[in-house]
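Below is one structure; the comments refer to it alone.
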Amino acid sequence: MEQINQAILLGGFLVVLSILAGMFSSRLGAPLLLVFLGLGMLAGEDGPGGIQFGDFKLTYLVGSVALAVILFDGALRTSRQTIRLAAKPAFVLATAGVAITATIVGGVAFFTLSMSPVEAFLVGAVVASTDAAAVFLLLNMRGTEINKRVSATLEVESGLNDPMAVFLTIACVEYLLHPAPLDWTLGLFFAKQMLGGAAIGIAGGFVLVWLVNRAELAGGLYPVLCAAFAVSIFAAAQSLDASGFLAVYLAGLVLGNRRHRAQATILRFHDGLAWIAQIVMFLMLGLLVTPSKLLQHVGAEIAIAVVLVLVARPAAVFLCLLPAKFDWREKAFISWVGLRGAVPIFLASIPVIAGVRDAEVFFNVAFVVVLVSLVVQGWTVGIAARFLGLALPPQIDKTERTDIDLPLVADRDAASWRVAEHSPALDRPFAELPLPRRARIIAVIRAGTLLNRQELKRLSVGDQIIALVPPEQSIDLDRLFAPRPVRRKNIDDMGEFVFSGDVKLGVLCAQYGVPFEAPNAEQTLADFLAERLGPDAIPGDRVALGPVELVVGAIARGRATKVGLELEAPDERLPVLRALQRLGNAWRSLRGRPRTP
Amino acid sequence: MPSMELTEFLAPEAVLASVRATNKKQVLHELARKAAELASVEERLILDVVLERERLGTTGVGNGIAIPHGKLAGLKRLYGVFARLEKPVDFEAIDEQPVDLIFMLLAPEGAGADHLKALARVSRLLRDRRMCEKLRGSDRADALYALLTEHAASHAA
């Protein structure tokens, strides 16, 4: 009895400690997951905590559920627009990219750890997928906003690439246990994993939407239903030899992009659930590892990590994205944010459980790789984005919006906002506020009193607004009630001067003596950018114009309304990168498709 | 590409320490008058090209800074004029903040790359918040000139 209570106390205390430590460390910019992992290690057998924990089966069980929950939560927040923007590149990265990474890393393992080729490839497979939890967290928590196409690709890639890594890992483990010549059964297994996972996930997602909208439940039960259903989808797929990770991710995408009841509650609940999953999983992985054992092959382990970060990941990204519309800076950033997290450690427990000989090696390599990735890459994401010129100004400063969960009000959500200091809403009389067409303010509360809207002249700072708004327009209200963004960063990120999208290309070139032969001088900047960037252009996209660069500043209905002019292309400041870009241009011109004039 | 020195296009007498103006047009007038005197070109011509440029989009780049500029057929070289206003005026700046530090840059018709380099130089200089604070805190032309160009020297090193 006493022991059980102590275990509960220990567990609870560790989680509390993780959260507090995370709070402090975020001021230092340390990746949260690293903090959780570190605490786990401190509590473990080589640390002051001295807890003995070596249960790989339990790790696999908890890890499975945790990953399923994290993937599901990430998918719930992935909008249709994100998927549309990133589906193709993310798919290639999640399949071919994983295979390329695994092969290169496997090569290094073969030479440094004197293993058989299959064992070496298993090392590669284990560390080949990027981590959804780490990527979601980093992309959402950094103060700087990153170019949407890049962040969408990273996000969807990290959600989609676990199945491939799992498949390669299982295939290798199978072979190590029962060596058999490669034959068609492997292909069949692959098809079962992917197609089966996709089918179960999508079908499961639709069933879940239907269930949520039909079942009359106490409000608090909807999110529980979703979580339980998601885990069931995962497990059902796994038991049928299909990929549970793929299934649960796709189910989340379906639910997240269909209208359903209790959306806000479900999201909030899963947010908390995903946090618990992350904390528990990383704490547990930290407990599981025995740091003193890592030191046996530490040279080889670090070599593998370095090759993964500096060679394998960039090679996979640049090869997979050759046909895609990314410039070299974006590819460099995607390479750098190939964060590894819990998945490699989790995958490395598979050979241990399956009983592969000397399987702890895989585990130790995976652990060092993850540690290096979290420390080196996780810590520098913001710096990398700024260095490569991909950081965008925050579009909106923090809004104070609280979603109000009403039972399905037609297709509008209810939410409340606090009117912030310097918000655009203060500029005009209440009656003339520029509300989106279908948004309605239903109440204004000032200092605890409900105001009569008919007699209200002007909003003031601190007023609480309650409004009904279609979900896609709530961002307009965020903008209305949030403090006006500080534009200082705009100057840096959009170049020196800002023009309207209607300015003619010829006029701009003449104004600055830009030696650029415009095919059509009468063309507007918006048309020119649309022609060069296609319909999916996003703020931050750049097009070279002779020695200067045009930067998309704001987009409305697919067209640039504001265009920045950067007089010194960023590579002016970074000679090394400029040299690299020249190489890239030379390569492109060899291939006969010059990208920029 | 070596960056361009401010002293190459800003003369000590082209710095105005405390200009009084109530609106954008008046500010541009004051600077155009000074530039006309230095470059011996008609003031009207300068005002025309600068206003023409403002029509494409404001040169009020935010933080109280404006960098009006344009190209002029009759010029022999680049000319800069810097003014610090007594009171900030509305300049239709991108951040909607009033403007009190203005650098006008005029380039000859064929200046091309030099024009761009000089603009980039000025813009980089005035992005420095501490520099702007110092400029705002000084009401003597020689001190302003020293601030502007001293920074240029340390920057080039």
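Scope of the values below: all heavy atoms of this structure, side chains included, with no hydrogens, waters or symmetry mates. Residue numbers begin at 1 in each chain, while the letters A, B, ... track the order of the sequences.
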To the nearest 0.5 Å, what is the distance between [atom1] on [X] and [atom2] on [Y]?
X: Asp502(A); Y: Leu56(B); atom1: CG; atom2: CG; result: 11.0 Å
X: Leu116(B); Y: Glu496(A); atom1: CG; atom2: CD; result: 9.5 Å
X: Arg53(B); Y: Leu508(A); atom1: CZ; atom2: CG; result: 8.0 Å

Ile67(B) side chain near Phe497(A) side chain, heavy-atom distance below 4.5 Å: yes
Exceeds 12 heavy-atom contacts within 6.0 angstrom, atom CZ of Arg140(B): no
Arg458(A) atom CZ, over 12 foreign heavy atoms within 6.0 Å: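 Counting other residues, nucleotides and ligands, CZ of Arg458(A) exceeds 12 neighbours.
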Short side-chain to backbone donor-acceptor contact, Lys117(B) and Leu567(A), under 3.5 Å: no
Sole residue of Lys71(B), His115(B), His69(B) in side chain to side chain donor-acceptor pair (under 3.5 Å) with Tyr512(A):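 Result: among Lys71(B), His115(B), His69(B), His69(B) is the only option passing the side chain to side chain donor-acceptor pair (under 3.5 Å) with Tyr512(A).
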